[in-house]
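Heads up, the thing below is written out as structure tokens.
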2 protein chains.
Amino acid sequence: MRLQHDRKRVCAPFTKRKRVDAQAIVEQAHALIHEGGSAAFSMRPLASALGTSTSALYRRFPSKEWLLIAVVDYVLEDVVATPPNAQAVTARRRLEHLSSSLREVLSSHPHLHEILTSRVTVTPNTIRIAEAALSCLRGVGVGDSDLVDAYNAWSGYVIGFTAIETKPPGFTPEPDLQEAMRRQLEDGGGLGAPTVAELMSPGANIAFGLRWAPGRLGAANTSFDWGLKALLDGFEAGQRG
Amino acid sequence: MRLQHDRKRVCAPFTKRKRVDAQAIVEQAHALIHEGGSAAFSMRPLASALGTSTSALYRRFPSKEWLLIAVVDYVLEDVVATPPNAQAVTARRRLEHLSSSLREVLSSHPHLHEILTSRVTVTPNTIRIAEAALSCLRGVGVGDSDLVDAYNAWSGYVIGFTAIETKPPGFTPEPDLQEAMRRQLEDGGGLGAPTVAELMSPGANIAFGLRWAPGRLGAANTSFDWGLKALLDGFEAGQRG
DNA sequence: ACCTGAACACCGTTCAAGT
DNA sequence: ACCTGAACACCGTTCAAGT
């Protein structure tokens with residue numbers, strides 16, 4: 001599933017003939033982004049990986065922007081939403097599953113946040129996920145007047161947490177820069193930041209804004225579930241009060 | 001306040017002499033990013049805006065990466081953290097102020113997320129903000145064993161929400177693409193997404209993943225505070241249970 | 001109808017040559 | 001010690017020319 005762009009300008013991506021090509025471009029683009037990161041991704045290597053000319057790509061996608069959004073949708077296809085009619089599964093449980101599925105997918109494609117968070121992306125899978133989340137939130141007891149707020153708060157938490165959590169491994173800072181940040185944390189912790197100094201054992205690399213190495217959060221990495229529980233508890237408590 | 005890089009390779013940014021220059025570079029870079037977005041920002045225009053050669057910039061900053069992180073720290077300077085010894089102000093209230101100050105600053109510099117969320121950034125102001133947040137969370141009643149989790153959840157929510165919320169206005173998608181997304185939402189809403197169709201009046205542009213126009217969320221825009229309340233309520237309830 | 005090579009107007013970074 | 005211009009190896013996108 002991908003967005004349709006103006007048929008007058010370029011070939012229709014949904015027609016039977018040649019549809020494979022557009023799909024192949026998306027898959028190859030995804031593969032290249034997965035390997036080398038979205039910053040390093042460019043049209044020329046993509047074309048040569050596919051064995052075509054760079055300009056031929058512009059017959060399937062009006063611009064790199066359209067292609068990137070197609071890649072986002074392609075990856076989000078993997079997010080699993082439990083259907084609401086599944087018996088014996090509470091709305092809360094379904095929402096927890098959706099959250100962790102979304103987190104898993106975004107985590108295993110660490111370059112997607114760079115694309116996802118910095119632009120507006122409405123795609124079939126975006127809508128599908130939103131539909132599932134909204135229905136769960138209703139099931140949890142959130143009233144209609146609060147539903148949009150709850151949905152925004154939920155997306156903000158899940159997507160935001162994962163976006164900050166998962167630094168692309170290819171985006172490792174240069175050793176010099178990494179060392180400078182580590183030193184900064186040691187020095188800063190000693191001077192004006194007693195709580196930071198107390199909690200962040202050197203090398204812990206455990207908390208946002210205080211860690212200098214990329215990849216997922218270290219240690220137990222319980223923060224996501226812990227925070228989601230607090231957020232959903234807050235949702236439910238708010239409806240009762 | 002900025003990170004120090006290796007003095008052997010380049011001139012020290014903290015020495016009295018020439019320090020103005022490094023500061024001037026950061027400020028000019030910030031101005032250019034503010035106007036044109038971080039994607040469009042490049043070294044050549046920066047140099048010519050400052051009246052120097054491009055290569056002269058590399059004497060103050062080892063790479064564009066160091067410069068971008070310096071810009072992040074420069075902007076985060078504006079985040080206000082109420083000191084913990086301020087009487088008659090509860091920890092909860094201080095945390096709410098810190099959250100909205102952080103949100104305000106990030107919102108008014110909409111291009112910062114692209115820099116902030118996609119790489120590891122430890123800077124003096126990052127540490128200052130973390131220190132304030134940790135101390136507030138402790139004051140709210142979060143136990144030491146949960147403090148890192150609570151801090152991560154809080155950062156994930158605040159930074160994440162704001163990152164998704166604030167699309168850089170310069171990042172407006174091409175009209176064709178924007179129209180395709182709007183249509184997608186209409187069609188998709190009608191077919192497999194009844195809740196989306198029910199809630200998202202056309203043109204509402206109100207919810208993450210379902211809106212096609214950049215800028216802040218429309219309408220009442222109460223979602224941030226609503227979600228923060230739920231999260232902090234959840235924090236407090238969790239400590240009592 | 002589709003593809004192509006060449007071109008346009010850009011990038012970040014380096015480095016020998018200047019002062 | 002600092003700055004510079006030119007160069008290197010790249011970008012996204014367009015378009016006349018081919019089949």
Side-chain angles (χ1 to χ4, degrees), chain A residues 5-13 15-22 24-25 28-29 32-33 36-71 114-115 118-119 170-171 173-177, chain B residues 5-13 15-22 24-25 28-29 32-33 36-71 114-115 118-119 170-171 173-177:
Chain A
H5 53 258
D6 193 340
R7 286 154 187 269
K8 276 164 265 166
R9 279 185 63 199
V10 279
C11 109
T15 43
K16 278 269 154 51
R17 210 168 56 88
K18 289 290 183 190
R19 183 182 171 174
V20 213
D21 295 59
I25 293 172
Q28 185 65 256
L32 289 176
I33 291 171
S38 71
F41 168 70
S42 65
M43 301 299 267
R44 257 168 269 239
L46 172 62
S48 76
L50 289 160
T52 37
S53 69
T54 311
S55 30
L57 300 173
Y58 286 83
R59 201 149 296 274
R60 312 290 173 199
F61 296 92
S63 72
K64 196 186 183 184
E65 198 71 11
W66 285 77
L67 175 54
L68 289 176
I69 288 173
V71 171
E114 300 156 29
I115 306 169
S118 63
R119 64 198 103 233
F171 228 110
E174 317 141 35
D176 282 8
L177 181 53
Chain B
H5 53 257
D6 192 341
R7 287 153 186 271
K8 277 163 261 162
R9 279 185 62 199
V10 280
C11 108
T15 42
K16 277 271 155 48
R17 209 168 57 90
K18 289 288 182 190
R19 185 184 170 173
V20 215
D21 295 58
I25 292 172
Q28 186 64 255
L32 290 177
I33 289 170
S38 72
F41 169 71
S42 64
M43 302 299 268
R44 259 168 267 239
L46 173 61
S48 77
L50 288 160
T52 37
S53 70
T54 311
S55 29
L57 300 173
Y58 286 83
R59 202 149 295 275
R60 312 292 172 197
F61 296 93
S63 72
K64 197 187 182 184
E65 199 71 10
W66 285 77
L67 175 53
L68 289 176
I69 287 174
V71 170
E114 300 156 28
I115 306 170
S118 63
R119 64 202 98 227
F171 228 110
E174 316 142 33
D176 282 7
L177 181 52

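Naming convention: chains lettered A, B, ... in sequence-line order (proteins, then strands); numbering from 1 in each chain.
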Exercise for review: Might you work through the side-chain contact (heavy atoms from CB on, under 4.5 Å) test for A:D21 and A:R59, ending with a clear yes or no?
Suggested key: CA-CA 10 Å; A:D21 295 59; A:R59 201 149 296 274; over 6 Å; no
Practice item. Take atom CG of B:D176 and atom P of D:dT13, then tell me their distance rounded to the nearest Å. Key: 14 Å
**Study point:** Interatomic distance where CH2 belongs to A:W66 and P belongs to D:dT13 [whole Å]
**Key:** 13 Å
Check your understanding: When you measure from the side chain of B:S42, which nucleotide among C:dT4, C:dC15, C:dG12 comes out closest?
Key -> C:dG12
Check your understanding: Within this structure, what is the CG-to-P distance between A:D21 and C:dA1, rounded to whole angstrom?
Key -> 17 Å
Review point. DNA chain C: stems of at least 3 consecutive Watson-Crick or G-U pairs, cut-off 3.5 Å?
Key: C:4-8 with D:12-16, C:12-16 with D:4-8
Check your understanding: How close or far is atom P of C:dT14 from atom CG of B:L57, stated in whole angstroms?
Key -> 13 Å
Review point. Where do B:E114 and B:R119 come nearest, in terms of heavy atoms and distance?
Key: O-NH2, 4.0 Å
Revision key, fill the gap. Walking DNA chain C from its 5' end, the first of B:S55 and B:K64 to be reached, judged by nearest nucleotide, is B:K64
Revision key, fill the gap. Looking only at heavy atoms, the pair that brings B:F61 and B:A70 closest together is CE2-CB, 4.0 Å
Check your understanding: Got B:I25 and B:T52 here, is their nearest side-chain heavy-atom distance under 4.5 Å?
Key -> no
Check your understanding: B:R44 has an atom CZ; how far is it from atom P of D:dC10, in whole Å?
Key -> 15 Å
Exercise for review: For the side chain of B:M43, starting at C-beta, report the closest nucleotide among D:dT13, C:dC11, C:dG12.
Suggested key: C:dG12
Study note, to complete from the structure: Quick note, A:S53 side chain, CB onward, closest among C:dC3, C:dC11, D:dG5 is C:dC3
Review point. So do B:L57 and B:L50 actually touch side chain to side chain, heavy atoms under 4.5 Å?
Key: yes
**Study point:** Length of the OH-C1' vector between A:Y58 and D:dC11, whole Å
**Key:** 10 Å
Study note, to complete from the structure: Which of C:dT4, C:dC2, C:dG12 is nearest the side chain of A:R60? It is C:dC2
**Study point:** Whole angstrom value for the distance that separates C1' of D:dG12 from CD of B:E174
**Key:** 12 Å
Review point. Given side chains that start at C-beta, do those of B:I115 and B:F41 come closer than 4.5 Å, heavy atoms only?
Key: no
Review point. Is there a donor and acceptor pair, one atom on the side chain of B:S63 and one on the base of C:dG12, closer than 3.5 Å?
Key: no
**Study point:** Nucleotide D:dT4, atom C1' - distance to CZ of B:R59 in whole Å
**Key:** 10 Å
Point to revise | Between OG on residue B:S53 and CZ on residue B:R44, distance to nearest 0.5 Å | key: 11.0 Å
